[in-house]
Amino acid sequence: MPSLSFFDICVHISIIFFIACNATEPKISPKFPAIFVFGDSSVDTGNNNYFRTGPSANHLPYGKDFPGHIPTGKYSNGKLAPDFLASMLGIKETLPPFLDPNLSKYDLQTGVNFASAGSGFDNLTTIATGAISMFKQVDLLKKYIGRLKGIVGEKSAKKIISGSLRFQFTVSGYQDFILNRTRIFYKQLYDLGCRKMMVVGLPPMGCLPIQITLKYPIPINRKCVEHLNADSQSYNQKMVNLLSKLQAVLPGSKFAYADIYQRVINMINYPQKYGFVETLKGCSGTGYVEAGNSCNSMTPTCERDSQYLFFYCIHATEATNHYISKNIVKQDIPKLL
(Lines give C-alpha, C1' and ligand atoms only; values in the text may rest on other atoms or scores of the structure.)
Protein backbone atom coordinates (compact mmCIF):
# COMPACT_ATOMS: atom_id res chain seq x y z
CA MET A 1 0.00 0.00 0.00
CA PRO A 2 1.37 3.47 -0.86
CA SER A 3 2.32 5.90 1.88
CA LEU A 4 0.03 8.69 3.00
CA SER A 5 2.52 11.15 1.61
CA PHE A 6 1.33 10.84 -1.99
CA PHE A 7 -2.13 9.82 -3.03
CA ASP A 8 -4.13 10.13 0.17
CA ILE A 9 -3.50 13.87 0.18
CA CYS A 10 -4.05 14.26 -3.56
CA VAL A 11 -6.78 16.54 -4.79
CA HIS A 12 -10.11 14.91 -5.60
CA ILE A 13 -12.68 17.34 -6.92
CA SER A 14 -15.74 16.78 -9.03
CA ILE A 15 -18.06 19.55 -10.11
CA ILE A 16 -21.31 19.38 -12.04
CA PHE A 17 -22.66 22.46 -13.81
CA PHE A 18 -26.29 22.13 -14.82
CA ILE A 19 -27.20 23.66 -18.17
CA ALA A 20 -30.96 23.85 -17.61
CA CYS A 21 -32.71 24.88 -14.42
CA ASN A 22 -35.99 26.49 -13.39
CA ALA A 23 -34.38 28.41 -10.53
CA THR A 24 -34.85 32.12 -10.03
CA GLU A 25 -32.53 33.96 -12.39
CA PRO A 26 -29.38 35.36 -10.67
CA LYS A 27 -28.22 38.94 -11.28
CA ILE A 28 -25.93 37.79 -14.11
CA SER A 29 -27.47 35.42 -16.63
CA PRO A 30 -25.34 32.29 -16.09
CA LYS A 31 -24.18 29.80 -18.67
CA PHE A 32 -24.63 27.08 -16.03
CA PRO A 33 -27.43 28.04 -13.60
CA ALA A 34 -26.39 25.42 -11.00
CA ILE A 35 -23.15 23.87 -9.77
CA PHE A 36 -22.62 20.64 -7.81
CA VAL A 37 -19.34 19.51 -6.27
CA PHE A 38 -17.86 16.17 -5.19
CA GLY A 39 -14.43 15.76 -3.63
CA ASP A 40 -12.20 16.08 -0.57
CA SER A 41 -10.90 18.88 1.67
CA SER A 42 -9.76 20.91 -1.34
CA VAL A 43 -13.43 21.61 -2.14
CA ASP A 44 -15.43 20.71 1.00
CA THR A 45 -17.38 23.86 1.90
CA GLY A 46 -18.55 22.50 5.24
CA ASN A 47 -20.13 19.04 5.03
CA ASN A 48 -17.75 17.69 7.66
CA ASN A 49 -19.20 20.18 10.13
CA TYR A 50 -22.35 18.04 10.27
CA PHE A 51 -20.92 14.75 11.54
CA ARG A 52 -18.34 13.97 14.22
CA THR A 53 -16.13 11.33 12.65
CA GLY A 54 -14.44 13.29 9.85
CA PRO A 55 -11.81 16.04 10.00
CA SER A 56 -13.12 19.59 10.18
CA ALA A 57 -11.86 23.10 9.48
CA ASN A 58 -14.56 24.82 11.53
CA HIS A 59 -12.04 26.80 13.59
CA LEU A 60 -9.59 29.64 13.11
CA PRO A 61 -7.34 30.48 11.33
CA TYR A 62 -9.43 28.80 8.59
CA GLY A 63 -11.86 31.32 7.14
CA LYS A 64 -10.13 34.37 8.56
CA ASP A 65 -10.50 36.18 5.21
CA PHE A 66 -13.95 34.75 4.41
CA PRO A 67 -16.83 37.28 4.52
CA GLY A 68 -17.56 37.83 8.22
CA HIS A 69 -14.09 36.50 9.13
CA ILE A 70 -15.52 33.28 10.53
CA PRO A 71 -14.56 29.65 9.85
CA THR A 72 -17.18 27.72 7.87
CA GLY A 73 -15.41 24.39 7.34
CA LYS A 74 -13.36 25.44 4.29
CA TYR A 75 -9.68 24.40 4.33
CA SER A 76 -8.33 27.81 3.33
CA ASN A 77 -8.08 31.36 4.60
CA GLY A 78 -11.11 32.28 2.47
CA LYS A 79 -13.08 31.03 -0.50
CA LEU A 80 -12.40 27.77 -2.32
CA ALA A 81 -12.31 27.14 -6.07
CA PRO A 82 -15.99 26.01 -6.21
CA ASP A 83 -17.05 29.31 -4.61
CA PHE A 84 -15.11 31.30 -7.20
CA LEU A 85 -16.39 29.16 -10.06
CA ALA A 86 -20.01 29.60 -8.93
CA SER A 87 -19.48 33.36 -8.70
CA MET A 88 -17.57 33.74 -11.98
CA LEU A 89 -20.23 31.76 -13.81
CA GLY A 90 -22.92 34.06 -12.43
CA ILE A 91 -24.64 31.42 -10.30
CA LYS A 92 -24.11 32.59 -6.69
CA GLU A 93 -21.35 33.81 -4.41
CA THR A 94 -20.68 30.65 -2.37
CA LEU A 95 -21.63 26.99 -2.55
CA PRO A 96 -23.41 25.55 0.53
CA PRO A 97 -22.78 22.01 1.83
CA PHE A 98 -25.53 19.51 1.03
CA LEU A 99 -25.66 18.33 4.65
CA ASP A 100 -26.66 21.80 5.86
CA PRO A 101 -30.15 21.23 7.32
CA ASN A 102 -31.18 24.80 6.47
CA LEU A 103 -30.83 24.63 2.69
CA SER A 104 -33.48 26.61 0.82
CA LYS A 105 -35.21 25.60 -2.40
CA TYR A 106 -33.09 28.21 -4.15
CA ASP A 107 -29.92 26.58 -2.76
CA LEU A 108 -31.00 23.21 -4.13
CA GLN A 109 -31.91 24.60 -7.54
CA THR A 110 -28.68 26.59 -7.95
CA GLY A 111 -26.23 24.05 -6.57
CA VAL A 112 -24.79 22.38 -3.48
CA ASN A 113 -21.57 20.71 -2.41
CA PHE A 114 -21.23 16.98 -1.64
CA ALA A 115 -17.47 17.00 -0.91
CA SER A 116 -16.01 15.72 2.36
CA ALA A 117 -12.56 16.45 3.80
CA GLY A 118 -10.53 13.24 3.97
CA SER A 119 -12.41 11.57 1.12
CA GLY A 120 -10.92 9.58 -1.74
CA PHE A 121 -11.53 6.83 -4.28
CA ASP A 122 -9.73 4.25 -2.11
CA ASN A 123 -12.07 3.04 0.65
CA LEU A 124 -9.08 2.60 2.96
CA THR A 125 -8.66 6.37 2.91
CA THR A 126 -12.14 7.06 4.23
CA ILE A 127 -11.97 4.22 6.76
CA ALA A 128 -8.97 5.99 8.26
CA THR A 129 -10.50 9.49 8.16
CA GLY A 130 -14.19 8.83 8.75
CA ALA A 131 -15.06 11.01 5.74
CA ILE A 132 -17.79 10.53 3.13
CA SER A 133 -16.27 8.41 0.35
CA MET A 134 -16.52 9.47 -3.28
CA PHE A 135 -19.04 6.71 -3.94
CA LYS A 136 -21.17 7.65 -0.93
CA GLN A 137 -21.16 11.18 -2.34
CA VAL A 138 -22.84 9.71 -5.42
CA ASP A 139 -25.50 8.32 -3.05
CA LEU A 140 -25.99 11.87 -1.75
CA LEU A 141 -26.48 12.99 -5.35
CA LYS A 142 -29.26 10.40 -5.67
CA LYS A 143 -30.92 11.88 -2.57
CA TYR A 144 -30.49 15.33 -4.06
CA ILE A 145 -32.20 14.26 -7.29
CA GLY A 146 -35.16 13.03 -5.24
CA ARG A 147 -35.42 16.39 -3.50
CA LEU A 148 -35.02 18.25 -6.80
CA LYS A 149 -37.90 16.28 -8.34
CA GLY A 150 -40.06 17.40 -5.42
CA ILE A 151 -39.25 21.03 -6.25
CA VAL A 152 -39.28 21.22 -10.07
CA GLY A 153 -40.98 17.96 -11.03
CA GLU A 154 -39.57 14.79 -12.58
CA LYS A 155 -39.47 16.07 -16.16
CA SER A 156 -37.52 19.23 -15.32
CA ALA A 157 -35.21 17.29 -13.01
CA LYS A 158 -34.34 14.85 -15.80
CA LYS A 159 -33.69 17.77 -18.14
CA ILE A 160 -31.36 19.33 -15.60
CA ILE A 161 -29.37 16.13 -15.12
CA SER A 162 -29.10 15.36 -18.84
CA GLY A 163 -27.59 18.78 -19.50
CA SER A 164 -24.98 18.59 -16.75
CA LEU A 165 -21.26 19.17 -16.97
CA ARG A 166 -19.01 17.23 -14.58
CA PHE A 167 -15.65 18.58 -13.63
CA GLN A 168 -12.92 16.79 -11.63
CA PHE A 169 -9.72 17.95 -9.98
CA THR A 170 -8.40 15.10 -8.83
CA VAL A 171 1.88 5.48 -8.27
CA SER A 172 2.12 2.30 -11.18
CA GLY A 173 -0.15 -0.40 -9.92
CA TYR A 174 -1.87 1.88 -7.40
CA GLN A 175 -2.46 4.49 -10.09
CA ASP A 176 -4.22 1.86 -12.17
CA PHE A 177 -6.33 0.84 -9.16
CA ILE A 178 -7.41 4.45 -8.56
CA LEU A 179 -8.08 5.04 -12.25
CA ASN A 180 -10.34 1.99 -12.32
CA ARG A 181 -12.23 3.36 -9.32
CA THR A 182 -12.44 6.70 -11.13
CA ARG A 183 -13.86 4.97 -14.22
CA ILE A 184 -16.58 3.37 -12.09
CA PHE A 185 -17.31 6.74 -10.48
CA TYR A 186 -17.76 8.45 -13.85
CA LYS A 187 -19.99 5.60 -15.05
CA GLN A 188 -22.24 6.01 -12.01
CA LEU A 189 -22.62 9.73 -12.70
CA TYR A 190 -23.26 8.96 -16.38
CA ASP A 191 -25.99 6.50 -15.36
CA LEU A 192 -27.57 9.30 -13.31
CA GLY A 193 -27.71 11.46 -16.45
CA CYS A 194 -24.47 13.46 -16.43
CA ARG A 195 -23.06 13.92 -19.93
CA LYS A 196 -20.55 16.80 -20.14
CA MET A 197 -17.52 16.19 -17.94
CA MET A 198 -14.37 18.24 -17.50
CA VAL A 199 -11.51 16.62 -15.62
CA VAL A 200 -8.55 18.40 -14.05
CA GLY A 201 -5.48 16.27 -13.38
CA LEU A 202 -3.19 16.18 -10.37
CA PRO A 203 -1.09 19.21 -9.44
CA PRO A 204 2.68 18.78 -8.92
CA MET A 205 2.42 16.75 -5.70
CA GLY A 206 6.14 17.02 -5.10
CA CYS A 207 5.75 20.77 -4.59
CA LEU A 208 3.36 20.51 -1.63
CA PRO A 209 5.19 22.07 1.35
CA ILE A 210 4.64 18.94 3.48
CA GLN A 211 6.23 16.75 0.82
CA ILE A 212 9.22 19.07 0.55
CA THR A 213 9.65 19.02 4.34
CA LEU A 214 9.59 15.22 4.42
CA LYS A 215 12.26 15.03 1.73
CA TYR A 216 14.35 18.08 2.66
CA PRO A 217 13.95 18.81 6.41
CA ILE A 218 16.64 21.53 6.33
CA PRO A 219 14.84 24.74 5.20
CA ILE A 220 17.77 26.02 3.14
CA ASN A 221 17.55 22.97 0.87
CA ARG A 222 13.84 23.26 0.01
CA LYS A 223 12.85 22.36 -3.54
CA CYS A 224 10.15 20.28 -5.25
CA VAL A 225 10.46 16.50 -5.01
CA GLU A 226 10.93 15.52 -8.63
CA HIS A 227 9.97 11.83 -8.44
CA LEU A 228 6.60 12.76 -6.93
CA ASN A 229 6.07 15.30 -9.69
CA ALA A 230 6.89 12.56 -12.19
CA ASP A 231 4.21 10.41 -10.51
CA SER A 232 1.69 13.21 -10.99
CA GLN A 233 2.57 13.52 -14.67
CA SER A 234 2.34 9.76 -15.18
CA TYR A 235 -1.09 9.65 -13.53
CA ASN A 236 -2.30 12.62 -15.58
CA GLN A 237 -1.31 10.97 -18.85
CA LYS A 238 -3.15 7.80 -17.85
CA MET A 239 -6.19 9.95 -17.02
CA VAL A 240 -6.11 11.55 -20.48
CA ASN A 241 -6.05 8.08 -22.04
CA LEU A 242 -8.92 6.92 -19.81
CA LEU A 243 -11.10 9.89 -20.76
CA SER A 244 -10.66 9.12 -24.45
CA LYS A 245 -11.77 5.52 -23.87
CA LEU A 246 -14.74 6.55 -21.74
CA GLN A 247 -16.01 8.97 -24.34
CA ALA A 248 -15.82 6.21 -26.95
CA VAL A 249 -18.00 3.79 -24.96
CA LEU A 250 -20.48 6.17 -23.26
CA PRO A 251 -22.89 7.43 -25.95
CA GLY A 252 -23.56 11.16 -25.78
CA SER A 253 -20.79 11.82 -23.27
CA LYS A 254 -18.17 14.51 -23.72
CA PHE A 255 -14.97 14.62 -21.67
CA ALA A 256 -12.41 17.42 -21.59
CA TYR A 257 -9.11 17.54 -19.69
CA ALA A 258 -7.73 20.67 -18.00
CA ASP A 259 -4.05 20.79 -17.06
CA ILE A 260 -3.62 22.13 -13.52
CA TYR A 261 -0.11 20.69 -13.21
CA GLN A 262 1.51 23.22 -15.54
CA ARG A 263 -0.45 26.12 -14.07
CA VAL A 264 0.85 25.44 -10.57
CA ILE A 265 4.40 24.87 -11.87
CA ASN A 266 4.19 28.27 -13.60
CA MET A 267 3.16 29.92 -10.32
CA ILE A 268 6.13 28.29 -8.58
CA ASN A 269 8.65 29.16 -11.31
CA TYR A 270 7.40 32.70 -11.96
CA PRO A 271 5.87 33.82 -8.63
CA GLN A 272 6.15 37.57 -9.27
CA LYS A 273 3.85 37.24 -12.29
CA TYR A 274 1.07 36.10 -9.95
CA GLY A 275 1.86 38.38 -7.01
CA PHE A 276 3.44 35.64 -4.88
CA VAL A 277 6.56 35.99 -2.75
CA GLU A 278 6.48 32.45 -1.30
CA THR A 279 5.48 29.27 -3.12
CA LEU A 280 7.23 26.40 -1.29
CA LYS A 281 5.98 26.87 2.27
CA GLY A 282 2.63 27.66 3.84
CA CYS A 283 1.31 30.89 5.33
CA SER A 284 0.38 29.28 8.68
CA GLY A 285 2.84 28.60 11.50
CA THR A 286 6.29 27.65 10.30
CA GLY A 287 4.85 26.84 6.89
CA TYR A 288 6.70 23.51 6.90
CA VAL A 289 4.59 20.99 8.85
CA GLU A 290 1.24 22.51 9.90
CA ALA A 291 -1.82 20.71 8.53
CA GLY A 292 -5.35 19.84 9.63
CA ASN A 293 -5.95 20.37 13.34
CA SER A 294 -2.33 21.39 13.90
CA CYS A 295 -3.36 24.59 12.13
CA ASN A 296 -5.63 26.14 14.79
CA SER A 297 -6.57 29.39 16.52
CA MET A 298 -3.21 29.44 18.31
CA THR A 299 -1.27 29.16 15.04
CA PRO A 300 0.19 32.45 13.78
CA THR A 301 -0.38 33.28 10.13
CA CYS A 302 1.54 35.44 7.69
CA GLU A 303 0.62 39.11 7.36
CA ARG A 304 -0.24 38.89 3.66
CA ASP A 305 -1.60 35.47 2.75
CA SER A 306 -2.37 36.71 -0.78
CA GLN A 307 1.39 36.56 -1.41
CA TYR A 308 1.48 32.82 -0.60
CA LEU A 309 0.61 29.93 -2.90
CA PHE A 310 -0.28 27.70 0.09
CA PHE A 311 -2.28 28.63 3.19
CA TYR A 312 -0.60 25.82 5.06
CA CYS A 313 1.45 22.87 3.93
CA ILE A 314 -1.25 21.07 1.94
CA HIS A 315 -4.01 23.45 0.85
CA ALA A 316 -3.99 26.58 -1.29
CA THR A 317 -4.71 30.16 -0.31
CA GLU A 318 -7.77 32.02 -1.53
CA ALA A 319 -5.50 33.88 -3.98
CA THR A 320 -4.38 30.61 -5.57
CA ASN A 321 -7.94 29.30 -5.72
CA HIS A 322 -9.04 32.51 -7.41
CA TYR A 323 -6.34 32.40 -10.06
CA ILE A 324 -6.94 28.73 -10.91
CA SER A 325 -10.71 29.25 -11.06
CA LYS A 326 -10.33 32.27 -13.36
CA ASN A 327 -8.11 30.24 -15.69
CA ILE A 328 -10.56 27.34 -15.77
CA VAL A 329 -13.50 29.61 -16.58
CA LYS A 330 -11.54 31.44 -19.29
CA GLN A 331 -9.68 28.57 -20.95
CA ASP A 332 -11.35 25.25 -20.09
CA ILE A 333 -15.08 25.73 -19.59
CA PRO A 334 -15.52 26.99 -23.19
CA LYS A 335 -14.35 23.60 -24.46
CA LEU A 336 -17.64 22.12 -23.35
CA LEU A 337 -20.05 24.91 -24.28
Side-chain angles (χ1 to χ4, degrees), residues 12-26 30-51 54 56-58 63 66-67 71-76 79-119 131-154 156-169 185 188-189 192-194 196-198 321 325:
H12 299 293
I13 168 176
S14 307
I15 302 175
I16 294 178
F17 300 96
F18 286 133
I19 302 293
C21 186
N22 290 332
T24 302
E25 197 71 14
K31 296 177 181 177
F32 306 101
I35 177 173
F36 297 84
V37 175
F38 305 82
D40 69 356
S41 55
S42 299
V43 289
D44 180 1
T45 56
N47 280 310
N48 279 28
N49 291 345
Y50 297 98
F51 58 94
S56 173
N58 198 27
F66 193 75
T72 59
K74 305 172 194 280
Y75 279 84
S76 183
K79 292 183 178 181
L80 300 180
D83 297 318
F84 283 120
L85 288 168
S87 177
M88 291 173 183
L89 291 170
I91 301 169
K92 53 187 173 184
E93 289 304 306
T94 62
L95 202 62
F98 179 66
L99 296 184
D100 183 346
N102 298 314
L103 290 176
S104 67
K105 290 182 178 180
Y106 179 81
D107 287 329
L108 291 169
Q109 289 178 274
T110 54
V112 293
N113 191 314
F114 301 104
S116 173
S119 186
I132 306 170
S133 74
M134 296 296 291
F135 292 99
K136 287 185 179 178
Q137 289 176 37
V138 176
D139 291 337
L140 292 181
L141 173 62
K142 294 176 183 177
K143 292 182 180 180
Y144 160 79
I145 292 173
R147 293 175 66 177
L148 182 66
K149 289 179 179 179
I151 296 172
V152 301
E154 184 169 356
S156 293
K158 287 182 177 179
K159 184 178 180 181
I160 289 173
I161 301 301
S162 66
S164 67
L165 161 64
R166 180 182 178 280
F167 177 105
Q168 178 177 358
F169 276 83
F185 181 74
Q188 288 187 352
L189 290 182
L192 288 173
C194 301
K196 297 181 181 180
M197 312 184 194
M198 179 173 290
N321 287 325
S325 301

Using 0.5 Å steps for rounding, measure from the [atom1] atom of [X] to the [atom2] atom of [Y].
X	Y	atom1	atom2	value
M197	L189	CE	CG	6.0 Å
Q188	L192	CD	CG	7.5 Å
F36	L140	CZ	CG	12.5 Å

Write out all pairs satisfying salt bridge (charged side-chain N to carboxylate O under 4.0 Å, His left out) with one or both partners inside residues 93-106, taking only residues at least two apart or from two chains.
-> K79-E93
T45 versus T72: any side-chain heavy-atom pair under 4.5 Å?
-> no
Answer whether the closest heavy-atom distance between the side chains of F98 and L108 falls below 4.5 Å.
-> yes
For [Y], does its backbone N or O pair with a side-chain atom of [X] as donor and acceptor, under 3.5 Å?
X	Y	value
N48	A117	yes
S119	M134	yes
N113	N47	no

Just to verify, what does [X] make a side-chain hydrogen bond (donor to acceptor under 3.5 Å, both in side chains) with, not counting sequence neighbours?
X	answer
D83	K74
D44	none
S76	none

Non-neighbouring partners of F84 that pass ring-ring contact (aromatic ring centres under 6.0 Å, His included), sequence neighbours left out | H322
Indicate the atoms forming the closest heavy-atom contact of [X] with [Y], along with that distance.
X	Y	value
G46	P97	C-CB, 3.7 Å
S116	A131	OG-CB, 3.4 Å
I91	Y106	O-OH, 3.6 Å
S41	L80	O-CD1, 4.5 Å
P82	I35	O-CD1, 4.1 Å

Those residues that, when tested against P96, pass side-chain contact (heavy atoms from CB on, under 4.5 Å) (two or more places apart) = K92, L103, D107, V112
Determine the sole option in F38, F114, F51 for which the side chain to side chain contact (heavy atoms under 4.5 Å, CB included) test with I132 is passed.
-> F51
Salt bridge check: are K136 and D139 linked by an N-O gap of less than 4.0 Å?
-> no
